[in-house]
Amino acid sequence: MLKTFLRRAVACGFTPALCLACLAVTETAAVTKMKLRGYMTGRADTNTLLILEDRIELTPASRVQSKDAAGEHPFNPEELSPGMLVEAEGQWLDKHRFFAEKLMVELREDDKKIHGSAYLQEEPADTAKIATGEASELKLDGYWLNLDNTTKRAWNPAKAGEGLATKISGQNAALAGYHVKYSGTRRKDGRIEAEELELGPPAPADDYKMPHNLEVLRAKDAQTRIEVLEFRQGNKVHGRMKLLAERSVQEYVSLLGDSLIPAGAKGTRRPIEFRFFVVEDPEINAGSLPDGTLLINTGLLGALENEAQLAFVLSHEMAHVLQVHYRREVEETRGSRIGLTIAGVAAGAFIGNAGVFMAQIGIASVMNGHQRDLENQADRLGLQNVIEHGYDPREAPNFSRIIINRYGNRTTSKLWSNHESSVIRGSFLTVHLMREYPEGHWDGAKKNTSAFQTMKDDLGPVKIM
């Protein structure tokens, strides 16, 4: 039986050594079986799939199936292509080689039909053409949408603006911040052929409010005079975060953040003042609160390699705010949130674990990650924003590689895991760039600056977890 398996496998292009290794791990799979999940970023050869640097190796013993709304079905391995979301079950052969005993392809993720909704983060260039039914294009949700005479349009700025404090009139009124629903088909060049488009009003003002009427304010500890961020409810302080004392680092991050704020921030019903605070926390993480407050951990700054990576992280977090992801999760998970209360938070204490604290006040996703579709949306818009500001977007997935190489289990950093793995985030970013920007041309884009290097010097060595 062994000789027959080896003969067939070698005939298919596999080496005897690989086949024996695969047999060995298959025999112990019941005890040590592992999984690797991510978006395919390429194929090294007929029997080897790529997810970033990881190579998933298939043999005749591998079982390949697909899953869609109707259930699971056998799948032809030859039809595997970049962009598909796959989950491999098997064993690591070495650091970046994975033998797949079973491979599941989630076809629902590979559907060419695109539909969704987003708040405009920039002013549409073709507003008049869109309204009059002419051929036009629209930058939305991290995609480029092409509109022609077959596109069904419900695009009436005056109607969408009814009831707003400042009524809009004419087709030249600012629409950044307005809501758009869309559907279409993805083309080979990454663009979306829009089938339907509907313009709606900006998000309600309450969508940008902190829960429990909390406020986040800068203050000083009465005894130590250390600068802190306080989470206040009226006159009561429910928690504090220690701010990094090095002012030059705080100023650098704030200036960079201000330079990246999308135009959509000016079109919200509730004025948003984006504020950027570097807090002393060793975890490689960042978070955004519904009111526009961004928390950037010292551990994150210590792990970053260049300004393009930081620009992406800030753009990603601002997208969470402008797309009202906190409110969307509240609505979609309302049943599981019953009973969450600010009671039990130690009054005035320094926050030891930001994720636990945010969960106690009802916004766990701020530091622990949003649902994957919301994280994917923030990633698309984050990439779009850094591209518009001249940065090399390839540094976004490159940062996920830093996380993967630092942490062998690939799940340590909450910023990049979203309850799954850093491989998911990095491979999604890579695939999105391949699909939406196939021409590339990033070699002349900005990666680093002297200001970033000065910030790193001023930051000095920091603890990283």
Side-chain angles (χ1 to χ4, degrees), residues 216-221 223-231 239-262 265 272-289 291-321 350-355 357-358 366-367 378 382 385-386 389-392 395-396 398-400 402-403 406 412-416 446-465:
V216 185
L217 302 172
R218 193 166 190 154
K220 284 189 178 182
D221 182 77
Q223 294 182 339
T224 64
R225 308 306 295 169
I226 292 173
E227 290 198 333
V228 297
L229 275 188
E230 291 185 343
F231 287 74
R240 291 172 171 165
M241 287 183 170
K242 186 178 179 181
L243 289 169
L244 179 68
E246 184 56 59
R247 285 190 172 276
S248 63
V249 176
Q250 295 277 2
E251 291 172 358
Y252 164 78
V253 173
S254 291
L255 286 172
L256 178 61
D258 287 341
S259 73
L260 295 166
I261 297 174
I272 295 180
E273 179 189 358
F274 277 107
R275 300 179 299 162
F276 307 87
F277 297 106
V278 179
V279 296
E280 290 198 5
D281 191 318
E283 190 174 72
I284 302 177
N285 210 349
S288 52
L289 303 177
D291 67 347
T293 301
L294 268 65
L295 308 174
I296 300 94
N297 288 0
T298 50
L300 171 68
L301 294 182
L304 291 166
E305 291 183 334
N306 54 57
E307 188 170 281
Q309 293 172 2
L310 177 56
F312 172 74
V313 172
L314 296 178
S315 296
H316 172 100
E317 295 301 333
M318 285 190 283
H320 278 312
V321 176
F350 278 96
I351 297 168
N353 185 305
F357 175 79
M358 298 301 173
V366 165
M367 302 304 287
N385 201 43
V386 295
H389 286 84
Y391 289 99
D392 189 336
E395 289 305 308
N398 281 346
F399 182 55
S400 70
I402 296 174
I403 303 300
R406 178 180 287 273
T412 301
S413 171
K414 291 185 177 66
L415 176 66
W416 296 90
K446 183 167 50 178
K447 291 184 181 180
N448 215 349
T449 64
S450 58
F452 177 86
Q453 293 306 129
T454 299
M455 180 277 291
K456 292 282 279 191
D457 293 339
D458 292 345
L459 178 68
V462 293
K463 183 178 180 181
I464 303 175
M465 289 179 59

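In this chain, numbering begins with 1 at the start of the sequence shown.
- Note that CE of Met465 is 11.5 Å distant from CG of Asn285, once rounded to the nearest 0.5 Å.
- If you take CD1 on Ile464 and CG on Leu301, they are separated by 9.5 Å, rounding to the nearest 0.5 Å.
- For Leu255, there are no side chain to side chain contact (heavy atoms under 4.5 Å, CB included) partners, not counting sequence neighbours.
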Apply side chain to side chain contact (heavy atoms under 4.5 Å, CB included) to residues Ile403 and Ile284 and explain how you reach the verdict.
CA-CA 9 Å; Ile403 303 300; Ile284 302 177; 3.8 Å; yes
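- Residues Met241 and Phe231 have side chains in contact (heavy-atom distance under 4.5 Å, counting atoms from C-beta outward).
- Of all heavy-atom pairs spanning Met318 and Pro262, the tightest one is SD-CD, 4.2 Å.
- When the side chain to side chain contact (heavy atoms under 4.5 Å, CB included) test is applied to Ala245, no partner is found at least two apart in sequence or on another chain.
- Using a 30° and 60° split on the angle between ring planes, His316 and His320 fall in the perpendicular class, above 60°.
- Taking the side-chain hydrogen bond (donor to acceptor under 3.5 Å, both in side chains) definition, one finds that Ser315 meets it with Asn385, sequence neighbours left out.
- In this structure the side chain of Val249 reaches within 4.5 angstrom of the side chain of Leu244, judged on heavy atoms.
- Thr454 pairs by the side chain to side chain contact (heavy atoms under 4.5 Å, CB included) definition with Asp458, not counting sequence neighbours.
- One distance of note links CG of Asn306 with CG of Asp392; it measures 8.5 Å at 0.5 Å rounding.
- Taking CZ of Phe312 as the start and OH of Tyr391 as the end, the distance is 14.0 Å to the nearest 0.5 Å.
- In this structure, the side chain of Lys456 engages the main chain of Gly302 through a donor-acceptor pair within 3.5 Å.
- For Gln309, the side-chain hydrogen bond (donor to acceptor under 3.5 Å, both in side chains) criterion is met by Glu395, not counting sequence neighbours.
- Between Leu229 and Arg240, every side-chain heavy-atom pair lies at or beyond the 4.5 Å cut-off.
- Although no hydrogens or angles enter the test, the distance criterion places no donor-acceptor pair under 3.5 Å between the side chain of Lys463 and the main chain of Glu283.
- Not counting sequence neighbours, the partners of Gln453 by the side-chain hydrogen bond (donor to acceptor under 3.5 Å, both in side chains) test are Asn448.
- Residues passing the side chain to side chain contact (heavy atoms under 4.5 Å, CB included) test with Thr293, sequence neighbours excluded: Val216, Arg275, Phe277, Leu289, Asp291, Leu295.
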Report the C-alpha distance between Val279 and Thr298 in whole Å, list the side-chain angles of each, state the deciding distance to 0.1 Å, and finish with yes or no for side chain to side chain contact (heavy atoms under 4.5 Å, CB included).
CA-CA 6 Å; Val279 296; Thr298 50; over 6 Å; no
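- If you check the side chains of Tyr252 and Glu246, you find no donor sitting under 3.5 Å from an acceptor.
- Smallest separation of non-hydrogen atoms from Val321 and Ser288: CG2-CB, 3.7 Å.
- By the side-chain hydrogen bond (donor to acceptor under 3.5 Å, both in side chains) test, Asp258 is found to be paired with no residue, residues two or more places apart in sequence or in another chain being considered.
- Once rounded to the nearest 0.5 Å, the distance linking CZ of Phe274 with CG of Leu314 reads 10.5 Å.
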Starting from the C-alpha separation in whole Å, work towards a yes-or-no answer on side chain to side chain contact (heavy atoms under 4.5 Å, CB included) for Val228 and Lys220.
CA-CA 6 Å; Val228 297; Lys220 284 189 178 182; 5.9 Å; no
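- Annotation: the span from Leu304 atom CG to Phe452 atom CZ amounts to 5.5 Å, rounded to 0.5 Å.
- Under the 3.5 Å distance criterion, the side-chain polar atoms of Asp221 are matched with a main-chain donor or acceptor of Thr224.
- Take Glu280 and apply the salt bridge (Lys or Arg N to Asp or Glu O under 4.0 Å) test, not counting sequence neighbours, and it matches Lys242.
- By the salt bridge (Lys or Arg N to Asp or Glu O under 4.0 Å) test, Glu227 pairs with Arg218, Arg247, sequence neighbours left out.
- Side-chain atoms of Asn297 never come within 3.5 Å of backbone atoms of Ala286 as a donor-acceptor pair (strictly under, hydrogens ignored).
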